[in-house]
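These notes concern the structure reproduced below.
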Protein chains: 2
Amino acid sequence: MRQVTIKALARELRLSVSTISKALRDSHEISDATKRRVLELAARLNYSPNPYASSLRGRKSRNIAIVIPEVADSFFSLAINGITSVTKEKGYHSIICLTHEDYKDEQDILKAFHNGRVDGVLISVSGTTESGAHIRGLMDQGVPVVLFDRVLPDVPAPKVVTDDAASARNATQLLLDHGCRRIAFLGLSPQLSISADRLAGYEAALRENHYQPKAKDILSCGAGQQQNLLAIKKLLRQKDRPDGIVAAVEKLAPLVYQACNELSLRIPEDVKLICFSSLEIAGILQPSLSTVTQPAFEMGAKAAGLLMKLMAGKRAEMEVVVSAELTERVSSG
Amino acid sequence: MRQVTIKALARELRLSVSTISKALRDSHEISDATKRRVLELAARLNYSPNPYASSLRGRKSRNIAIVIPEVADSFFSLAINGITSVTKEKGYHSIICLTHEDYKDEQDILKAFHNGRVDGVLISVSGTTESGAHIRGLMDQGVPVVLFDRVLPDVPAPKVVTDDAASARNATQLLLDHGCRRIAFLGLSPQLSISADRLAGYEAALRENHYQPKAKDILSCGAGQQQNLLAIKKLLRQKDRPDGIVAAVEKLAPLVYQACNELSLRIPEDVKLICFSSLEIAGILQPSLSTVTQPAFEMGAKAAGLLMKLMAGKRAEMEVVVSAELTERVSSG
DNA sequence: GTGAAAGCGCTAACAA
DNA sequence: TTGTTAGCGCTTTCAC
């Protein structure tokens, strides 16, 4: 790691390191002539400041962390783009950290931020996260945190979320309008905000239509897609099986397609389906998938904006709620 | 950023900072009793070493970079998991950097590594990358680099690739065996190794079967999915349209489905399709998608392993070629 | 077995 | 306008 340092530039130009440092940061106390000489040499030698020295000295890293369950999900990959679109502009690096839906991993990741590695954290919690203590612990160290999409009620940090309950209510109502009489709900672990809120919306719609939500129509799916598939097939094999499904997360839709295929059930004739999904190819599935689509990019950008505010010592709104868009395609009709 | 530092521990225990440091690193010069006291206090105060100080002092960051075009692609998301499975174990952090298929972005990212920010780089180049100069420039600074999947011939670094030409040849042969007489090839920019190699395999298969590859049957797709769709539709609207398609990257498959839908062409009756893809849901698409699947996780893990070797100052194989798996489903038949 | 001190590269008071 | 100096938190000689 033979580096070009400020000291090297100083020696070369017979100037002091502080003069170089100031020139590089375009300080007004340095003459234009000197600045030019310094900048020219720096460019020629491909000088690049050592980020660790700057961070150590300045006690800030200009890094922020994006802590998410996984990356193989359209919502998160779009949200990442939204986040980086604002952080980049502000001169911050974004470090993507994956929890793989594991509470322990998430705790370990946040614990590793107790030392100034990042100046702020954007997080969407894992499906197995049981409490917000680890996030509060980080905040107690003075690290600004913003939650997005999958939030936790017991964390006093700004949150960017979708109107999950209303969206799920609309989605369920759509299936009811199309004649469904028994609708199942596929969620993730019930302690997850998005899962709970979407479930609440689903139940509200049922009640509004004088149906009683039944526990056996409500599935909590986990990380194992094989097991999830089995559970869905079991659900659809009952004699009085559901004729409609509201799926709360993207990765469950393909499983419903597969289960129906294997059980020779037709979508939408036998089972109608609508799914929360940012999948670009929803319209290309056969039959095309009706979706509730969150504005993923915007949510990421908004969350990053709030974090920037927080890091600048300013106050930020504690809750931003954005609307999801319901797109009716073939699977629900 | 009120931090627990070594100095704080030293003050608390009335020991010197160097003793604390040694105790924390389990040095043999420190008594067991002292070690225990130090470790106990460190745990109690939630001490976490400042990574910037360590990196500055030790002139190594224990960070590696994963530089890839995008994350919304099954191959890359799986490869990331493969990479982190080995880096994590070795105590390295992985920083994911997205080039968005942009050469300039890729250059900027690598340039930012000329200062010790990372100890090594894993890279799969963007579709618009024109030369390996920026990578060689980084290597000249002494930063170890390993390329995977999308490699560059003019970079003297270890590479982990799939047997692209052979796989494409087999895929093309499969379509020929199923009666295709005019097969199109959808690739990315021709300067991309995977695109060029897969194209070569496709052409070889055609020639072996006494067909002459035709330029107008070979499409170079870019970053814009809308334009790609248009190009595919134009291809399929010809009177003497192709009756088979070999698609070189995952994101092109949905476009072919959509184009066929819009043009009322049936897959596989009118157009047979096989695609390089690590998509988990390939089997659930309608019709199910025949695929050439690369061992993405393993490739990531292997590449990371080579990088670890390089960073340890050891020599590493210059080329590792792994086999892709052809899975025949409905779309090709 | 423990401690003092130097220095990684950079920035910012303060001096000149 | 430029230079001197101290110090960010840590590791590592070298001395005791």
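Below, chain A is the first sequence line, B the second, and so on; all start at residue 1.
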### Within residues 64-80 of chain A or reaching into it, pairs that qualify as side chain to side chain donor-acceptor pair (under 3.5 Å) - sequence neighbours excluded
S74(A)-E250(A)
Only counting residues at least two apart or in another chain, list the ones meeting side-chain hydrogen bond (donor to acceptor under 3.5 Å, both in side chains) with [X].
{"X": "R36(A)", "value": "none"}
{"X": "E101(B)", "value": "R150(B)"}
{"X": "T5(B)", "value": "none"}
{"X": "R62(B)", "value": "none"}

### Message
Can you build the contact string for nucleotides 1-8 of chain C? Use B for base contact, S for sugar-phosphate-only contact, and - for no protein heavy atom under 4.0 Å.
### Response
BBBBBBBB
### Query
Could you give the angle between the helix axes at the two ends of the helix from dG1(C)-dC16(D) to dA16(C)-dT1(D), with five pairs per end, rounded to 10 degrees?
50°
### Query
What residues in residues 37-49 of chain A put a non-hydrogen atom under 4.0 Å from any atom of DNA chain D?
none
### Message
Strictly below 4.0 Å, N to O, side chains only: are K104(B) and D108(B) in salt-bridge contact?
### Response
yes
What's the [atom1]-[atom2] distance between [X] and [N], to the nearest Å?
{"X": "I6(A)", "N": "dA12(C)", "atom1": "CD1", "atom2": "C1'", "value": "12 Å"}
{"X": "R117(B)", "N": "dC10(C)", "atom1": "CZ", "atom2": "P", "value": "13 Å"}
{"X": "I20(A)", "N": "dT2(D)", "atom1": "CD1", "atom2": "P", "value": "10 Å"}
{"X": "L24(B)", "N": "dG9(D)", "atom1": "CG", "atom2": "P", "value": "15 Å"}

### Query
Tell me, which pairs form a ring pair (Phe, Tyr, Trp, His ring centres under 6.0 Å) where one or both residues lie in residues 31-72 of chain B, sequence neighbours left out?
Y52(A)-Y52(B)
### Message
Whether the side chain of S195(B) engages the backbone of Q191(B) through a donor-acceptor N/O pair (distance < 3.5 Å, no angle test) should be reported.
### Response
no
### Task
Answer with base, sugar-phosphate or nothing: what part of the nucleic acid does S21(A) contact at a heavy-atom distance below 4.0 Å?
base
### Message
According to ring pair (Phe, Tyr, Trp, His ring centres under 6.0 Å), who are the partners of F76(B), at least two apart in sequence or on a separate chain?
### Response
none
Ignoring hydrogens and angles, write down the donor-acceptor pairs under 3.5 Å from the side chains of residues 87-95 of chain A, residues two or more places apart or on other chains.
residue : atom : partner : partner atom : Å
T87(A)  : OG1  : I83(A)  : O            : 3.3
T87(A)  : OG1  : T84(A)  : O            : 3.4
T87(A)  : OG1  : S94(A)  : OG           : 3.0

Would you give me the side-chain donor-acceptor pairs under 3.5 Å for residues 304-313 of chain A, sequence neighbours excluded?
none

